[in-house]
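Before any comments, here is the structure.
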Amino acid sequence: MITFFILLAVEGVVYWLTKGDLLYRFHVFANNYEYCRYDFFPYSILPNDFSTTQYIKALFDQIFFINLKSLFLRRLYLFIPLIALIESVLILKEEKRIFTAVWFLAIAGLMVGFTTSFTDYKPLDLSRNWYIYIVLTPAVILTAKFFERFEFKAKTAMLALFIAASIFMDFQYENFFDVKRKNHLKEFVSKIDGRLVYTDNHTKYGLDILEKNPRTKIVSFTNLPAEQVFVIDGSLIIWNQNEIKELRLQGNGIPKLNDIISEQDTLLKKIGFYDVYQIRRKFNED
């Protein structure tokens, strides 16, 4: 604890000297929470307005159903935390070399049920799979120790199965992040010859860093009223409904698709979650 507070104090001094804000880290966290609060409990499973009864029920569901299931029973983690939990129980029963077991159980317990706020009780939402990293090191060590308990043939078979499952999950992650179709979108955009492209600001940011024809112009329609989105003949609209939903949750104004396209426009191409529309008429600015 002394080490933790010393490091926190040193960091605070550095931020005060460079940013003029002793609590810069915490202010960034607070701003992030306000910007995308739908990612954090209780707004991850409750609307903005909720009763005390709804909150208590949601809290119970978050800890005992969502978080426990997400940490120990998620196939994306190859059940490493579950195996680590079993090995931790065995180590504690044997009462020897308990450091790694305590390390794992302490972090897992904090992840499942500890609050992320000093003013309210708000546990993490472990359905967001990136939180696994802080518990991964002790979990992997404990899983290796668990495998050591078996004879050579059984251990070899288990490791072979584990390696095969790891390779399989690599492909599953690739599908989850839609890598192949995003590469198709990248190839499609790189071949656009000097066209005008309308899309949301998040997609625009990604497209701007691609190697594309320098004459191609990408315009964002985020926070523009539909009547100000003057799409012209021959231009394209790239629409990703998932991105649009996220941006709207963040408070951005996105025109409705039906307000910026007409019946004359055609769906030129579907690339994963991206719909590419071809504008077939001139927009009437009057």
Side-chain angles (χ1 to χ4, degrees), residues 1-46 48 50 52 55-56 58-74 76-77 80-146 249-251:
M1 292 297 291
I2 292 174
T3 303
F4 171 78
F5 282 111
I6 289 176
L7 292 174
L8 194 64
V10 171
E11 180 188 71
V13 171
V14 171
Y15 279 138
W16 181 66
L17 293 174
T18 58
K19 306 285 187 180
D21 186 356
L22 190 69
L23 302 177
Y24 176 75
R25 172 191 290 273
F26 298 100
H27 291 151
V28 168
F29 285 162
N31 290 338
N32 181 63
Y33 179 83
E34 291 301 324
Y35 187 68
C36 53
R37 60 170 57 208
Y38 53 88
D39 275 339
F40 301 97
F41 181 86
Y43 305 106
S44 54
I45 55 178
L46 286 176
N48 287 332
F50 50 84
T52 302
Y55 174 83
I56 294 173
L59 188 63
F60 183 86
D61 291 341
Q62 184 72 61
I63 295 174
F64 294 102
F65 289 98
I66 298 175
N67 284 359
L68 286 176
K69 179 182 177 182
S70 297
L71 181 60
F72 294 111
L73 298 178
R74 200 170 206 165
L76 293 177
Y77 306 152
I80 289 176
L82 180 61
I83 298 172
L85 178 62
I86 295 171
E87 178 62 19
S88 297
V89 173
L90 295 174
I91 288 175
L92 293 176
K93 283 186 175 180
E94 295 166 356
E95 297 182 351
K96 60 180 182 181
R97 298 181 180 179
I98 66 170
F99 174 78
T100 309
V102 173
W103 177 15
F104 168 76
L105 292 173
I107 295 179
L110 290 173
M111 290 176 66
V112 169
F114 194 67
T115 180
T116 59
S117 170
F118 291 118
T119 56
D120 301 286
Y121 186 50
K122 298 176 180 177
L124 285 171
D125 180 7
L126 296 188
S127 59
R128 314 289 177 175
N129 59 8
W130 47 81
Y131 292 125
I132 183 65
Y133 293 109
I134 64 172
V135 78
L136 192 59
T137 300
V140 168
I141 294 172
L142 289 166
T143 300
K145 287 181 175 294
F146 180 78
L249 287 171
Q250 292 171 1

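Numbering of residues begins at 1 and proceeds along the displayed sequence.
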All N/O donor-acceptor pairs, side-chain side in residues 80-92, below 3.5 Å, sequence neighbours left out:
from, atom 1, to, atom 2, distance (Å)
Glu87, OE1, Arg149, NE, 2.7
Glu87, OE2, Arg149, NE, 3.3
Glu87, OE2, Arg149, NH2, 3.1
Ser88, OG, Ala84, O, 2.8

Open item on the list: Are more than 12 heavy atoms, taken from residues, nucleotides or ligands other than Ile98, located less than 6.0 Å from that residue's CD1 atom?
Closed with: no
- [ ] Using a cut-off of 6.0 Å, state whether more than 12 heavy atoms not belonging to Tyr38 lie near its atom OH.
- [x] yes
TODO: Decide yes or no for Leu68 and Val112: does some side-chain heavy atom of the first lie under 4.5 Å from some side-chain heavy atom of the second?
DONE: yes
Open item on the list: Going by the rule salt bridge (Lys or Arg N to Asp or Glu O under 4.0 Å), which residues pair with Arg128 if we only count those two or more places apart in sequence or in a different chain?
Closed with: Asp39, Asp125
Task: Non-neighbouring partners of Glu34 that pass salt bridge (Lys or Arg N to Asp or Glu O under 4.0 Å), sequence neighbours left out - done: Arg37
Task: Pairs touching residues 12-24 that satisfy side chain to side chain donor-acceptor pair (under 3.5 Å), sequence neighbours left out - done: Asp21-His27
- [ ] Quick one: which residue pairs count as a salt bridge (charged side-chain N to carboxylate O under 4.0 Å, His left out) with a foot in residues 98-108, not counting sequence neighbours?
- [x] none
Task: Ile45 versus Ala58, closest heavy-atom pair with distance - done: CD1-O, 3.5 Å
For [X], which residues count as a side chain to side chain contact (heavy atoms under 4.5 Å, CB included) partner, sequence neighbours excluded?
X: Phe118; value: none
X: Thr116; value: Lys122, Leu124
X: Ile56; value: Thr52

Not counting sequence neighbours, which residues clear ring pair (Phe, Tyr, Trp, His ring centres under 6.0 Å) with [X]? List them please.
X: Tyr121; value: none
X: Phe40; value: Tyr33
X: Tyr43; value: none

Enumerate, atom names and distances included, each donor-acceptor pair closer than 3.5 Å involving a side-chain atom of residues 101-111, sequence neighbours excluded.
none

